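The sequence lines fix the lettering, A, B, ..., with proteins before strands; numbering per chain opens at 1. Bear in mind the structure is a predicted one, so any value in this text is a computation, not a measurement.
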Amino acid sequence: MSTEETAATPAAPSNFIHDIIAEHAQSGRFGGRVHTRFPPEPNGYLHIGHAKSICLNFGLAKTYGGKCNLRFDDTNPAKEDVEYVDSIMDDVRWLGFEWDGLFYASDYFETIYQYAEQLIEKGLAYVDSSTTEEVRAQRGSLTEAGQHNPYRERTVAENRDLFRRMRAGEFADGAHVLRAKIDMAHPNMTMRDPLLYRIRHAHHHRTGDAWCIYPLYDFTHGYSDSLEGITHSICTLEFENHRPLYDWLIDELGLYHPQQIEFARLNLTHTMMSKRKLLELVETKSVSGWDDPRMPTIAGIRRRGYTPAAMRAFCEEVGVTRFNGLTSMGVLENAVRADLNKTAPRAMAVLKPLKVVLTNYPEGQVDELEAVNNPEDPAAGTRLVPFTKTLYIEQDDFREDPPKQFFRLAPGREVRLRYAYLITCQEAVKDPVTGEITELRCTYDPLTRGGNAPDGRKVKSTIHWVSAEQAVTAEVRLYDHLFSIENVANIPEGEDWKTHLNPKSLEVISDAKLERSLATSQPGYRCQFERLGYFCVDSKDSTPEHLVFNRTATLKDTLAKIEKRGG
RNA sequence: UGCCCGAUAGUGUAACGGUUAGCACAACAGAUUUUGAUUCUGUUUGUCCAGGUUCGAAUCCUGGUCGGGCAACCA
């Protein structure tokens with residue numbers, strides 16, 4: 001009714017690609033069609049940067065009532081594998097998207113071969129028999145023009161013959177290449193007679209041994225988009241210099257011409273998006289695999305406990321521009337907290353147990369107390385947690401000599417055990433040899449069942465706890481940043497980037513104590529351990545006999561901030 | 001030394017020649033709280049620089065500065 005309500009409606013994500021597509025829809029270019037695609041090479045697992053691209057491409061298609069394909073750009077048989085194809089499909093689906101068409105660049109090998117022959121017939125491509133070193137040397141430099149070699153002047157007939165014999169398998173790897181005949185003096189290096197085909201007697205994960213020559217990415221990519229009728233070929237900034245080549249290849253053959261639009265790839269602090277380096281981490285066993293919860297891969301963050309909704313919200317939050325920035329990991333963490341805060345059931349778990357004996361509580365008595373499952377969602381209901389004479393609390397929740405900012409348990413101090421009773425610490429028992437506190441002897445106030453004192457007295461702190469008698473022991477894996485430095489891309493040339501891996505990126509706790517209700521948690525189950533963070537049952541290593549929880553994210557920790565600030 | 005691209009609070013982004021330059025995260029202060037969580041309120045901080053066009057410029061133009069990309073038979 002009011003204009004204010006209209007204005008308050010959250011705007012659809014605004015970015016320059018939306019603007020371009022909206023304008024095309026307006027002007028009728030592409031006949032009003034919108035058809036995007038996500039074109040990964042199956043040579044590794046997808047990472048968060050790919051998630052941004054997936055959300056962009058599939059999101060655009062959805063917004064404009066168009067289509068989005070999944071296409072594997074599989075032109076390099078040496079590096080590609082079906083394992084990666086499968087993982088990529090899993091990841092796209094996990095993010096919540098379904099492709100309209102499923103294609104492989106290798107589906108187009110025959111067509112692309114014919115395109116190459118057409119270029120040869122038009123005198124626009126030639127077989128070069130130089131060595132790799134010669135090709136490199138003849139290309140010139142950023143400031144100097146390249147040089148022509150005699151092969152550039154081969155006749156059409158000669159090129160046709162040689163190229164067909166390349167396909168027939170008459171030559172060894174590297175003996176010849178097919179190159180476009182454009183301009184060896186072009187200021188854009190990409191246009192200096194780029195290589196189109198190379199000889200590789202290699203087995204391809206889809207075409208098997210049908211081919212011994214393979215088109216290069218630059219020769220294949222634009223044609224693939226053209227063949228699929230893609231309207232907007234969205235890619236990252238580093239392909240901007242290649243756009244003139246894709247345009248040239250398509251226009252010389254008079255083919256359907258998509259519009260390429262480049263955007264800046266995502267960079268996150270404390271991690272890195274290089275597939276090559278991620279592969280190195282996997283191969284050197286620096287992590288447990290592509291799906292190690294510390295990895296920035298989609299498989300990794302999924303196992304870590306992130307939700308698809310949080311990932312999509314994050315991708316929307318970071319935006320789409322042509323500026324190469326560095327986004328704080330905090331933004332990602334905030335996205336998953338925001339989602340899980342609303343949806344994750346609460347439970348109590350003690351990571352570093354400190355035994356508490358209630359001296360005035362009857363031996364053997366079990367009190368079943370009602371606890372709220374999710375304060376953010378009343379429909380989640382309540383559960384019963386057992387309260388007994390011996391309990392565990394968090395070591396961090398007790399200080400023998402508390403600083404004035406510390407509100408939790410200390411000798412002589414009273415705190416509330418969540419959903420239970422007020423307790424007062426009477427004595428801290430120490431190991432006579434080490435001086436380590438081994439046990440707290442406390443009294444409870446029987447009149448405070450549920451947590452409120454009839455006399456109205458207040459306590460400054462509520463802490464979580466678990467019954468020692470009925471605790472479930474579990475393994476808990478605490479994850480932190482993969483790298484200890486913010487900007488991993490900033491590591492100087494020549495320096496070993498792996499020395500900056502965070503040695504504390506994984507802390508394993510083998511004997512955490514969980515409340516009884518968690519005993520039957522299934523793999524993938526997400527919940528909040530109150531006051532600690534969001535956790536999820538590991539999908540690979542957890543068994544009913546040996547539960548394993550992964551920490552997805554901590555809760556915000558004001559005390560830690562205060563103490564850090566105070567020195 | 002060539003070509004291409006970019007620049008808005010600490011960070012990531014919005015603003016389409018006219019808004020007190022908006023939002024999110026971060027930071028700070030306060031309120032609420034049986035999670036030092038959540039929630040709510042408020043505060044600090046910004047148009048790279050110099051010229052020009054215009055009644056009016058973050059936006060258009062010119063020049064500079066700074067940053068990114070490009071010389072794989074990788075993608």
Side-chain angles (χ1 to χ4, degrees), chain A residues 10-11 13-16 19 23 39-41 43 73-76 78-80 128 130-132 135-137 139-146 173-174 176-179 186-192 195-200 214 216-218 220-221 235-244 262 264 266 269 275-276 316-328 330-335 337-338 341-342 346 348 371-372 375-376 405-408 415-420 422 450-452 458-464 528-533 554-562:
Chain A
S14 172
N15 64 55
F16 77 99
D19 294 347
E23 202 240 293
E41 183 193 12
N43 68 339
D73 274 341
D74 53 353
T75 55
N76 185 357
K79 292 186 175 174
E80 295 150 11
D128 190 337
S130 306
T131 64
T132 305
V135 167
R136 197 180 353 243
R139 186 146 31 215
S141 73
L142 294 177
T143 52
E144 294 163 294
D173 287 4
H176 309 282
V177 291
L178 184 74
R179 298 178 73 171
H186 200 107
N188 180 347
M189 300 292 294
T190 311
M191 299 296 271
R192 317 247 260 229
L195 276 63
L196 269 25
Y197 263 94
R198 76 284 225 194
I199 300 171
R200 283 285 175 281
Y214 291 93
L216 278 100
Y217 173 86
D218 274 350
T220 313
H221 184 77
C235 63
T236 43
L237 249 27
E238 67 267 30
F239 293 106
E240 194 168 12
N241 292 334
H242 300 227
R243 176 154 35 94
E262 308 87 11
L266 174 69
T269 61
K275 265 198 211 176
R276 202 195 88 238
E316 207 140 280
E317 187 59 48
V318 296
V320 180
T321 64
R322 291 172 64 81
F323 175 73
N324 232 310
L326 180 62
T327 297
S328 167
V331 179
L332 214 210
E333 289 166 0
N334 181 264
R337 282 193 201 104
N341 176 49
K342 296 290 183 203
R346 270 56 168 177
M348 291 194 284
V372 173
E376 301 289 320
Q405 296 283 17
F406 186 86
F407 306 145
R408 282 107 97 147
V415 299
R416 173 164 41 233
L417 295 182
R418 185 137 161 109
Y419 299 125
L422 302 187
N452 287 310
K458 301 290 183 204
V459 289
K460 291 205 79 174
S461 184
T462 300
I463 64 175
H464 61 278
Q528 181 196 105
F529 289 171
E530 295 221 24
R531 305 207 306 131
L532 297 174
T554 61
L555 253 31
K556 284 190 201 163
D557 188 348
T558 305
L559 207 223
K561 197 160 71 179
I562 290 168

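Rounded to whole Å, the distance from CG on A:N334 to C1' on B:rA24 is 8 Å. In this structure, the CG atom of A:N43 is 14 Å from the C1' atom of B:rA72, given to the nearest Å. If you measure from atom CG of A:L532 to atom P of B:rU38, you get 14 Å, rounded to the nearest angstrom. Atom OH of A:Y197 is separated from atom C1' of B:rC74 by 17 Å (rounded to the nearest Å). The CZ-C1' distance, from A:R418 to B:rU33, rounds to 10 Å in whole Å. Here the P atom of nucleotide B:rC5 and the CD atom of A:E262 are 10 Å apart, to the nearest Å. We find that CZ of A:F239 is positioned 9 Å from P of B:rA75, with the value rounded to whole Å. A:N241 has its CG atom 9 Å from the P atom of B:rA71, to the nearest Å.
Residue-level contact check: A:T220 touches neither bases nor backbone, having no heavy atom under 4.0 Å from any strand. Looking at heavy-atom distances under 4.0 Å, A:L326 makes contact with sugar-phosphate atoms alone, never a base. Nucleic acid contact for A:G451: base, since at least one base atom lies under 4.0 Å from a heavy atom of the residue. Residue A:V177 is classed as a base contact, given a heavy-atom separation below 4.0 Å to a base. Across all strands, A:Y214 comes closer than 4.0 Å to no nucleic acid atom at all (heavy-atom distances). At the heavy-atom level, A:S130 lies under 4.0 Å from base atoms of the strands shown. Among the protein residues, A:R139 comes within range of the sugar-phosphate backbone only, with heavy atoms under 4.0 Å from sugar or phosphate atoms but none that close to a base. Residue contacts shown for A:T269 are absent, as no nucleic acid heavy atom lies under 4.0 Å away.
For the OP1/OP2 pair of B:rA26 and a distance below 4.0 Å, the side-chain nitrogens and oxygens of A:K556 include at least one atom meeting the criterion. Applying the 4.0 Å criterion to OP1 and OP2 of B:rA15, one finds that A:S14 has a side-chain N or O inside that range. At the phosphate of B:rA72, neither OP1 nor OP2 sits under 4.0 Å from any side-chain N or O atom of A:R192. Under 4.0 angstrom from either OP1 or OP2 of B:rA26 there lies no side-chain N or O belonging to A:K561. Contact annotation: A:T321 reaches the phosphate of B:rU13 (side-chain N/O to OP1 or OP2, under 4.0 Å). Taking 4.0 angstrom as the limit, A:R346 places none of its side-chain polar atoms (N or O) nearer than this to OP1 or OP2 of B:rU38. Of the side-chain N and O atoms in A:R243, none sit less than 4.0 angstrom from OP1 or OP2 of B:rG69. Contact check, A:T558 against B:rA37: a side-chain N or O comes under 4.0 Å of OP1 or OP2.
In this structure, the nucleotide among B:rU35, B:rC16, B:rC70 sitting nearest to the side chain of A:T190 is B:rC70. Candidate nucleotides B:rA26, B:rU38, B:rU35 were compared by shortest atom distance to the side chain of A:T462, and B:rU35 ranks first. Distances were taken from every side-chain heavy atom of A:R408 (C-beta onward) to each of B:rC73, B:rG36, B:rC16; the shortest belongs to B:rG36. For A:R200, whose side chain is taken as the heavy atoms from C-beta onward, the closest listed nucleotide among B:rA75, B:rA72, B:rC73 is B:rC73. Taking the side chain of A:Q405 as heavy atoms from C-beta on, and the options B:rG36, B:rC73, B:rA71, the nearest nucleotide is B:rG36. Distances from the side chain of A:D73 to the nucleotides B:rG36, B:rA75, B:rG6 place B:rA75 closest. The nucleotide whose nearest atom lies closest to any side-chain atom of A:T143 is, among B:rC73, B:rA14, B:rG2, B:rG2. Considering only side-chain atoms of A:D557, the nucleotide from B:rG36, B:rG6, B:rC74 that sits closest is B:rG36. Distance from the side chain of A:E238 is smallest for B:rA75 among the nucleotides B:rC4, B:rG36, B:rA75. Nearest nucleotide to the A:E41 side chain, out of B:rG68, B:rA75, B:rG36: B:rA75.
Side-chain to base pairing of A:R337 with B:rU38: no donor and acceptor N or O lie closer than 3.5 Å to each other. Judged by distance alone, with hydrogens and angles left aside, A:E376 brings no side-chain donor or acceptor close enough to the base of B:rU39 to form a pair under 3.5 Å. Side-chain atoms of A:D173 and base atoms of B:rC73 include no donor and acceptor less than 3.5 Å apart. With hydrogens and angles left out, the side chain of A:R531 and the base of B:rG36 share no donor-acceptor pair within 3.5 Å.
Pairing each heavy atom of A:S461 with each of A:F407, the nearest pair is CB-O, 3.3 Å. Contact between A:L216 and A:T75 at its shortest, heavy atoms only, is C-OG1, 4.4 Å.
Here the separation of B:rG56 from B:rG18, taken at their P atoms, is 14 Å to the nearest Å. Separation of the P atoms belonging to B:rU1 and B:rC25 is 46 Å when rounded to the nearest angstrom. For the P atoms, the distance linking B:rA9 with B:rG2 amounts to 30 Å, nearest Å. Between the P atoms of B:rU19 and B:rU62, the separation comes to 25 Å (whole Å). B:rC66 and B:rU43: their P atoms are spaced 38 Å apart (whole Å). Comparing the C1' positions of B:rC55 and B:rC23 gives an interatomic distance of 31 Å, to the nearest angstrom. Between the P atoms of B:rC60 and B:rG69, the separation comes to 25 Å (whole Å). Nucleotides B:rU11 and B:rU47 are separated by 12 Å at their P atoms, to the nearest Å.
Map A:K342 and A:H242 each onto its nearest nucleotide of RNA chain B; the residue landing nearer the 5' end is A:K342. Place A:P187 and A:T327 on RNA chain B by their nearest nucleotides, and A:P187 ends up nearer the 5' end.
Using a cutoff of 4.0 Å between basic side-chain nitrogens and carboxylate oxygens, A:K275 and A:E41 are not scored as salt-bridged.
Judged by centroid separation below 5.5 Å and plane tilt below 30°, A:F407 stacks onto the base of B:rG36.
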Applying side chain to side chain contact (heavy atoms under 4.5 Å, CB included), run through A:N334 and A:E317 and close with a yes or a no. CA-CA 11 Å; A:N334 181 264; A:E317 187 59 48; over 6 Å; no
Stepwise side chain to side chain contact (heavy atoms under 4.5 Å, CB included) test for A:N188 and A:H242: CA-CA 9 Å; A:N188 180 347; A:H242 300 227; over 6 Å; no
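In this structure, the side chains of A:E23 and A:D19 stay at 4.5 Å or more apart for every pair of heavy atoms. Side-chain atoms of A:N341 and A:E376, non-hydrogen and from C-beta on, do get closer than 4.5 Å to each other.
Distance check, rounded to the nearest 0.5 Å: CD of A:E240 to SG of A:C235 gives 8.5 Å.
Of the possible polar contacts, none joining the A:R416 side chain to the A:N452 backbone as a donor-acceptor pair under 3.5 Å is found.
For the side chain to side chain donor-acceptor pair (under 3.5 Å) with A:H464, the lone residue among A:R346, A:E530, A:R531 that qualifies is A:R531.
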